[in-house]
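These notes concern the structure reproduced below.
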Protein chains: 2
Amino acid sequence: MTTSAPTATTLPATPTHGADRPLRADAERNRRRILDAAREVFARRGLEAGLDEIARHAGVGTGTVYRRFPDKARLVEALFEERLALVLGTISDAADEPDAWQGFVGAIEALTRMQIEDRGLKDVFFSHFGDAEAFREHHDRLVPLLESLVSRAKAAGELRPDVELTDLAVVQLTLCQVGRFAEDVEPDLWRRHLGIVLDGLRVARSAPSPLGAPPMDAAAFDAACGRERGGS
Amino acid sequence: MTTSAPTATTLPATPTHGADRPLRADAERNRRRILDAAREVFARRGLEAGLDEIARHAGVGTGTVYRRFPDKARLVEALFEERLALVLGTISDAADEPDAWQGFVGAIEALTRMQIEDRGLKDVFFSHFGDAEAFREHHDRLVPLLESLVSRAKAAGELRPDVELTDLAVVQLTLCQVGRFAEDVEPDLWRRHLGIVLDGLRVARSAPSPLGAPPMDAAAFDAACGRERGGS
DNA sequence: CTCTAAGTGGAATGAGTTTCTCCGCTTAGA
DNA sequence: TCTAAGCGGAGAAACTCATTCCACTTAGAG
């Protein structure tokens with residue numbers, strides 16, 4: 001089943017899907033369509049979205065998806081390997097920012113924004129899907145980059161010394177939840193809470209920083225909870 | 001199907017389940033068992049738990065649950081009406097605390113702890129289940145109490161003036177997520193993040209407050225993501 | 001143009017969920 | 001003693017998903 005060793009004993013020289021594979025033109029076209037559809041659907045609904053929905057969105061049958069990608073996990077890997085490279089670049093930019101605190105804030109802000117815009121990306125970071133061997137390399141490059149942002153901000157006397165990288169991961173997870181909670185009602189709400197948390201992460205400050213977005217009112221809150229419009 | 005009108009044309013005067021109802025002793029016993037089981041199961045797994053699981057846990061058949069409570073929503077209402085009264089009492093105590101900031105912190109801490117210990121409670125607050133008419137009265141008593149805690153803490157010059165009640169609801173929602181994320185690995189992690197956020201909610205401070213729990217290490221983080229134990 | 005292996009769509013399968021109903025049997029308690 | 005209330009739990013009815021199967025179509029080499 002999972003043997004990827006070439007069963008070349010019968011077929012002499014037709015590498016139809018060995019290491020390289022010259023896909024038929026229409027097949028290659030469909031492969032791209034599937035990846036594009038997966039990007040959109042996973043971004044909107046997260047990795048829990050079904051492959052049926054992706055197939056429908058791509059305009060192909062579900063069988064075609066499975067012909068191209070052996071299972072859902074493999075499709076996720078194919079899709080997010082490119083995506084993670086982009087993330088890496090963005091964080092790399094933040095690490096180049098001359099001001100330590102600015103760089104730190106920029107990294108958190110960018111990571112969070114990307115994960116709110118692409119719920120699949122958030123799932124790669126925070127669910128078992130991120131376990132895939134395919135993501136190992138990106139992960140191993142991303143972590144030291146973030147570590148350096150953290151230690152630089154601490155050394156500059158801006159970031160409180162008692163927080164660690166995992167704390168920042170958790171902060172991001174929570175900001176993603178704020179984004180999701182309010183997405184239909186106050187899409188920028190997460191920036192407000194980023195502002196609060198950042199003030200909590202600084203060593204000291206004399207006054208609160210301005211928050212980046214307006215709060216929800218009571219009606220918006222009820223709507224975000226999925227409730228009917230309350231009476232009074 | 002849904003007609004609850006008494007089909008009393010045949011039975012003249014037996015108010016078996018009219019307005020009042022003298023349940024048979026064994027039936028009353030089972031009713032309590034079901035509520036107790038529901039409390040435990042909903043606390044552990046949230047309101048998404050199935051009634052089958054509750055019935056099994058109560059040692060009764062699913063039919064018995066449905067005989068006592070017409071549907072899941074009604075069971076939830078019966079259960080959490082008592083529970084909300086308890087919450088109200090706790091917040092009331094916090095409002096009586098002489099120090100404004102202490103009272104405010106105590107209220108957030110207590111609300112969050114209760115919701116982390118009882119995931120069903122969190123769902124009542126933050127999902128469509130909370131919509132039930134049965135919760136209206138408790139809701140209408142809780143909100144002004146929280147409002148007063150907020151305005152008092154602002155007036156004391158401790159709480160930043162640009163946050164509103166909905167912001168605190170969102171803060172709590174996120175703390176619940178931290179609790180859930182780390183529950184198997186670092187059950188007190190949410191206190192750490194409560195500490196960070198509280199520092200962000202204060203008007204000013206000269207140094208970070210000590211955090212109430214240790215951070216996760218990398219292995220704990222992976223475990224919390226539901227991942228296999230990574231190699232290096 | 002012909003022919004065939006690659007490619008295709010989407011129904012079907014199977015394994016999960018869940019809520020809620022039905023009905024033959026048991027038992028409390030008047 | 002007797003009967004209506006109560007009981008358990010199988011199972012109906014709707015869903016959700018991932019994955020497979022196969023009769024049909026078509027690209028593209030010769």
Side-chain angles (χ1 to χ4, degrees), chain A residues 1-2 7 10-18 20-34 37-38 41-42 45-77 123 127-129, chain B residues 1-4 6-8 10-18 20-34 37-38 41-42 45-77 123 127-129:
Chain A
M1 284 304 189
T2 31
T7 54
T10 50
L11 303 175
T14 37
T16 41
H17 52 293
D20 62 303
R21 37 178 166 172
L23 277 185
R24 222 168 74 175
D26 55 342
E28 181 56 39
R29 199 158 47 234
N30 277 339
R31 203 186 104 97
R32 274 257 58 98
R33 268 194 211 160
I34 290 165
V41 172
F42 283 148
R45 310 222 302 113
L47 298 187
E48 67 181 335
L51 293 198
D52 283 35
E53 186 174 346
I54 289 167
R56 209 178 325 119
H57 199 270
V60 304
T62 57
T64 304
V65 176
Y66 278 94
R67 164 168 299 270
R68 223 35 75 209
F69 304 95
D71 56 24
K72 186 179 178 175
R74 230 60 75 80
L75 170 59
V76 169
E77 289 165 30
D123 290 340
S127 84
H128 67 99
F129 274 102
Chain B
M1 287 305 190
T2 33
T3 54
S4 55
T7 55
T10 50
L11 304 176
T14 36
T16 44
H17 53 294
D20 62 302
R21 37 181 165 171
L23 275 186
R24 223 169 73 176
D26 56 341
E28 180 57 38
R29 199 159 44 237
N30 277 338
R31 201 187 105 97
R32 274 260 53 102
R33 266 195 214 158
I34 290 166
V41 172
F42 283 149
R45 310 223 300 115
L47 297 187
E48 67 181 334
L51 293 198
D52 284 37
E53 185 173 346
I54 289 167
R56 207 179 325 120
H57 199 269
V60 304
T62 57
T64 304
V65 177
Y66 278 95
R67 164 170 300 274
R68 224 33 76 209
F69 303 95
D71 56 24
K72 186 179 180 176
R74 230 60 75 81
L75 170 59
V76 169
E77 289 165 29
D123 289 341
S127 84
H128 67 100
F129 273 102

Check nucleotides 16-18 of chain D for protein N or O atoms closer than 3.5 Å to its own N or O atoms and list the pairs.
unit_1, atom_1, unit_2, atom_2, d
D:dA18, OP1, A:Lys72, NZ, 2.6
D:dA18, OP2, A:Leu51, N, 2.9

Round to the nearest Å and state the distance from [X] atom [atom1] to [N] atom [atom2].
X	N	atom1	atom2	result
A:Glu28	D:dT26	CD	C1'	17 Å
B:Arg67	C:dG24	CZ	P	15 Å
A:Arg68	D:dT19	CZ	C1'	16 Å
B:Phe69	C:dT21	CZ	C1'	18 Å

So what is the end-to-end bend of the helix from C:dC1-D:dG30 to C:dA30-D:dT1, with 5 pairs used at each end and the value given to 10 degrees?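 One end axis against the other gives 10°.
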Could you write out each protein N or O paired with an N or O of nucleotides 28-30 of chain C at a distance under 3.5 Å?
unit_1, atom_1, unit_2, atom_2, d
C:dA28, O4', B:Arg24, NE, 3.4
C:dG29, OP1, B:Ala25, N, 2.6

Any donor-acceptor pair under 3.5 Å linking the side chain of A:Lys72 with the backbone of A:Gly50? no
Short side-chain to backbone donor-acceptor contact, A:Asp123 and A:Gly46, under 3.5 Å: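 Checked: no pair found.
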Closest heavy-atom contact between B:Arg33 and B:Ala58?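 Closest heavy-atom pair between B:Arg33 and B:Ala58: CD-O, 3.5 Å.
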Hey, are the side chains of A:Arg31 and A:Leu23 touching, using non-hydrogen atoms and a 4.5 Å cut-off?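 Sidechains of A:Leu23 and A:Arg31: in contact.
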My understanding is that only residues two or more places apart in sequence, or in another chain, count here; which of them pass salt bridge (charged side-chain N to carboxylate O under 4.0 Å, His left out) with A:Glu53? A:Arg44, A:Arg45
Ordered by number, residues from residues 57-64 of chain A within less than 4.0 Å of DNA chain C (heavy atoms) are A:Gly59, A:Val60, A:Gly61, A:Thr62, A:Gly63, A:Thr64
With sequence neighbours excluded, residues passing side chain to side chain contact (heavy atoms under 4.5 Å, CB included) with B:Arg29: B:Asp26
